[in-house]
Amino acid sequence: AGRVTETDVLRALEGAIEAPGEARRIPVTGMREAIADAMVESLRYPAQLTRTARADVTEMVALRDELRRRWGERITYNDLIVKAVALSLREHPFLNSTLSDDEIVLLSDINVGVAVALEEGLIVPVVPMADEKSVIDIHRQVRDLAERARVGTPSVDQVEGGTFTVTNLGAYGVRSFTPILNQPQVGILGVGGVSREPAVVGEQVVPRDLVELSLTIDHRVVDGAPGAGFLQTLVGLLEHPALIFASGTNNQERDEA
């Protein structure tokens, strides 16, 4: 009846109860080894600092749904976020830079890497010139890069040359986290899940869609205030997503939106 008896004890002493099975061992090689080395290297040298902000993305959620209906494509929140990040980097060029010896190099191209989780690890395909691409072009390129990454066929130029990274764990129910820099980049944005919560709007408490943003920066290049300024610009774009289409990068898409 579930009680430990004298017989149970005697059997255990005699070794009649089997020992636990051998633990499974997985060699740290290939992609896992490369990721491990890169993460240790990243934590060893940059002075990493994380700032967080919350954005009310109720309008962005509605826009995403409308764009899906109009374009017949499964536009994601991440597509809009990548575009908003690229536009924000235009206004905050130190976030789109790198440190070379004793010089800060402000990069002319804005190439946003998008982290994609694979069974064996993590890969970061890059959307080149993301600030000049339309949202639908970003969507199609990220979709294609992610599919290539999952079947193991991305080309070298599709995973190199990133100047900033976006990593989104919202699909896993994560609200906020501390992303680690992808060297030699000086900024990475962690995006949590969009959640429906009560919020104060004017004098009323109403349901709104909120998302947590976690920005990690290299403090050797970017101080806390400029990092917060980048987040402020990004939050403004996400909370008023019509501004994303006012950049003039694609007039046809802007008119359709």
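A salt bridge (charged side-chain N to carboxylate O under 4.0 Å, His left out) check over residues 93-104, counting only residues at least two apart or in different chains, returns nothing. Each salt bridge (charged side-chain N to carboxylate O under 4.0 Å, His left out) pair with one or both residues in residues 206-217, not counting sequence neighbours, appears once here: Arg54-Glu212, Asp56-Arg208, Arg196-Asp209. Identified under the salt bridge (charged side-chain N to carboxylate O under 4.0 Å, His left out) test for residues 224-236, with sequence neighbours left out: none. Pairs passing the salt bridge (charged side-chain N to carboxylate O under 4.0 Å, His left out) check and including a residue from residues 215-239, sequence neighbours excluded, read Asp218-Arg220.
Side-chain contact between Ile217 and Gln48 is absent, with no heavy atoms from C-beta onward closer than 4.5 Å. Val135 is listed as a side-chain neighbour of Phe245, based on a closest heavy-atom distance under 4.5 Å. Side-chain contact check for Val57 versus Val194: some heavy-atom pair is nearer than 4.5 Å. In this structure, Val112 and Ile138 have side chains that are not in contact, with every pair of non-hydrogen atoms separated by 4.5 Å or more. Side-chain contact between Asn78 and Val114: present, with at least one pair of heavy atoms (C-beta onward) separated by less than 4.5 Å.
With a 6.0 Å radius and a threshold of 12 heavy atoms from other residues, nucleotides or ligands, Tyr77 has its OH atom above the threshold.
Remark: side-chain polar atoms of Lys83 are not paired, donor with acceptor, to backbone N or O of Ile244 under 3.5 angstrom. Formation of a donor-acceptor pair under 3.5 Å by the Ser214 side chain with backbone atoms of Phe177 is found in this model. A donor-acceptor pair is defined here as one N or O able to donate and one able to accept, closer than 3.5 Å; no such pair exists between the side chain of Asp65 and the backbone of Ala62. Checked by atom type and distance alone, the side chain of Lys133 pairs as donor or acceptor with a backbone atom of Pro128 at under 3.5 Å. Checking side-chain atoms of Gln185 against main-chain N and O of Thr165 turns up a donor-acceptor pair under 3.5 Å. A donor-acceptor pair is defined here as one N or O able to donate and one able to accept, closer than 3.5 Å; no such pair exists between the side chain of Arg175 and the backbone of Gly192.
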Task: Test log, rule side chain to side chain contact (heavy atoms under 4.5 Å, CB included), inputs Leu67 and Leu80 - done: CA-CA 11 Å; Leu67 294 179; Leu80 292 162; 4.3 Å; yes
Task: Pair Arg140-Asp144, salt bridge (Lys or Arg N to Asp or Glu O under 4.0 Å): steps then yes or no - done: CA-CA 6 Å; Arg140 289 170 177 167; Asp144 178 64; over 6 Å; no
Task: Steps toward side chain to side chain contact (heavy atoms under 4.5 Å, CB included) verdict (Leu189, Thr167) - done: CA-CA 6 Å; Leu189 181 75; Thr167 175; over 6 Å; no
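Interatomic distance, CG of Leu213 versus CG of Asn168, reported as 9.5 Å (0.5 Å rounding). Rounded to the nearest 0.5 Å, atoms CZ (Arg90) and CG (Leu95) are 15.5 Å apart. Rounding to the nearest 0.5 Å gives a distance of 8.0 Å between CG of Leu87 and CD1 of Ile110. To the nearest 0.5 Å, atom CD1 of residue Ile81 and atom OG of residue Ser88 are 11.0 Å apart. In this structure, CG in Leu63 is found 11.0 Å from CG in Leu238, a value given to the nearest 0.5 Å. Atom CZ of Arg74 sits about 9.0 Å away from atom NE2 of His139, to the nearest 0.5 Å.
Every side chain to side chain donor-acceptor pair (under 3.5 Å) that Arg69 has, sequence neighbours left out, goes to Glu66. Considering only residues two or more places apart in sequence or on other chains, Thr216 meets the side chain to side chain donor-acceptor pair (under 3.5 Å) condition with Thr50. Annotation: side-chain contact (heavy atoms from CB on, under 4.5 Å) contacts of Thr5 (sequence neighbours excluded): Thr7, Asp8. Under the side chain to side chain donor-acceptor pair (under 3.5 Å) criterion, Ser195 pairs with Glu197, sequence neighbours left out. Under the side chain to side chain donor-acceptor pair (under 3.5 Å) criterion, Arg143 pairs with Glu73, not counting sequence neighbours. In this view, Leu107 and Asn96, Thr98, Val105, Thr163 satisfy the side-chain contact (heavy atoms from CB on, under 4.5 Å) rule, not counting sequence neighbours.
Across all non-hydrogen atoms, the minimal contact from Val221 to Ser97 is CG1-OG, 3.5 Å. Of all heavy-atom pairs spanning Asn111 and Gly161, the tightest one is ND2-O, 3.0 Å. Contact detail for Ala146 and Val116: the closest heavy-atom pair is CB-CG2, 4.1 Å. When all heavy atoms are compared, the tightest approach of Val222 to Gly227 is CG1-N, 3.8 Å. Of all non-hydrogen atoms in Ala84 and Leu237, the two that sit nearest each other are O-CD1, 3.5 Å. Across all their heavy atoms, Gln141 and Val126 have their closest contact at NE2-O, 4.2 Å.
In this pair, Phe230 and His92 present their aromatic rings perpendicular. The plane angle is above 60°, beyond the 30 to 60° band.
Both Leu106 and Val85 are part of a single hydrophobic cluster, where members link through side-chain heavy atoms under 4.5 Å apart. Linking ILVMFWY residues whenever their side-chain heavy atoms come closer than 4.5 Å, directly or via other members, leaves Val174 and Val61 in distinct clusters. One hydrophobic cluster, built from ILVMFWY side chains closer than 4.5 Å, holds both Ile104 and Phe164. In the hydrophobic clustering of this structure, Leu169 does not group with Val191; members are Ile, Leu, Val, Met, Phe, Trp, Tyr whose side-chain heavy atoms approach within less than 4.5 Å, directly or through other members. By the criterion of side-chain heavy atoms lying less than 4.5 angstrom apart, applied directly or through intervening Ile, Leu, Val, Met, Phe, Trp or Tyr residues, Leu231 is not grouped with Leu210; the two fall into different hydrophobic clusters.
Members clustered with Ile188: Leu181, by chain and number, using a 4.5 Å side-chain heavy-atom cutoff among hydrophobic residues. Using a 4.5 Å cut-off between side-chain heavy atoms of Ile, Leu, Val, Met, Phe, Trp and Tyr, Val200 falls into a hydrophobic cluster with Val205.
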